[in-house]
Chemist: 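Sending over a structure as structure tokens; questions will come in a sec.
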Amino acid sequence: MKPVRVLFVCLGNICRSPLAEGVLRALAEQKGLAPALEVDSAGTGAWHIGDPPDSRSIKVALRHGIDISALSGRQVRLEDFRDFDLLLGMDENNVRTLKRQAPEGTAEKVHLFLRYASGLGQDVPDPYYDGPEAFEALYQMLEAGCSSLLERFGDRAS
Ligand code: 4NP
């Protein structure tokens, strides 16, 4: 079967989406599902192109055994709507921006991450201006969402 190609999208591509990318990749490896999945992340904004993830996201990932320090920020590009099966926005704002940019016939690939993964119409809030405790909460939210996402893919494959 062809791998499912997932692009996580947030505003800056330094806090939420690179952490989601690391978490999904790690969970997929643990569950032996890595070959069934291609995962990447991007931001709707251009401020952090080429930057590593925020140090607080790197730290919380490391505490959970995941190294995201080598990831590099990039902005969403038009080809992403062709190259990925799913573009999962962390919040409704990201989803609105993506739907506005989506070339004809591709808007149905864009979803709110937690709605698609778990049926929850809930944002993954932007933690950029919050303290380090917000990053542990972010990690927990992303881990739960990514587990549900993998279960959904598993159901699709069976
Ligand atoms: P992210 O968080 O969207 O989760 O990466 C942010 C990072 C940077 C900015 C905003 C949100 N910024 O305005 O630079």
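Bear in mind the structure is a predicted one, so any value in this text is a computation, not a measurement. One-based numbering, in listed order, for ligands and for the atoms of each.
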Chemist: Determine whether a donor-acceptor pair (N or O, by modelled atom type, separation under 3.5 Å) exists between the side chain of R16 and the backbone of V124.
Modeler: yes

Chemist: State whether the side chain of R152 and the backbone N or O of Y116 hold a donor-acceptor pair below 3.5 Å, judged by distance alone.
Modeler: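 At least one qualifying donor-acceptor pair exists.
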
Chemist: Taking D123 for the side chain and P125 for the main chain, is one N or O donor matched with an acceptor at less than 3.5 Å?
Modeler: no

Chemist: Anything with a heavy atom under 4.0 Å from ligand 1 counts, so go ahead and list those protein residues by chain and number.
Modeler: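 Within the 4.0 Å shell of ligand 1, which is judged on heavy atoms, sit C10, L11, G12, N13, I14, C15, R16, H48, D126, Y128.
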
Chemist: Could you check L88 against L7 for side chain to side chain contact (heavy atoms under 4.5 Å, CB included), going step by step and ending with a plain yes or no?
Modeler: CA-CA 6 Å; L88 299 178; L7 183 69; over 6 Å; no

Chemist: Hey, does the side chain of H48 reach the backbone of G45 with a donor-acceptor pair shorter than 3.5 angstrom?
Modeler: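 Side chain of H48 to backbone of G45: no pair is present.
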
Chemist: Are the side chain of S57 and the backbone of P53 linked by a donor-acceptor contact shorter than 3.5 Å?
Modeler: no

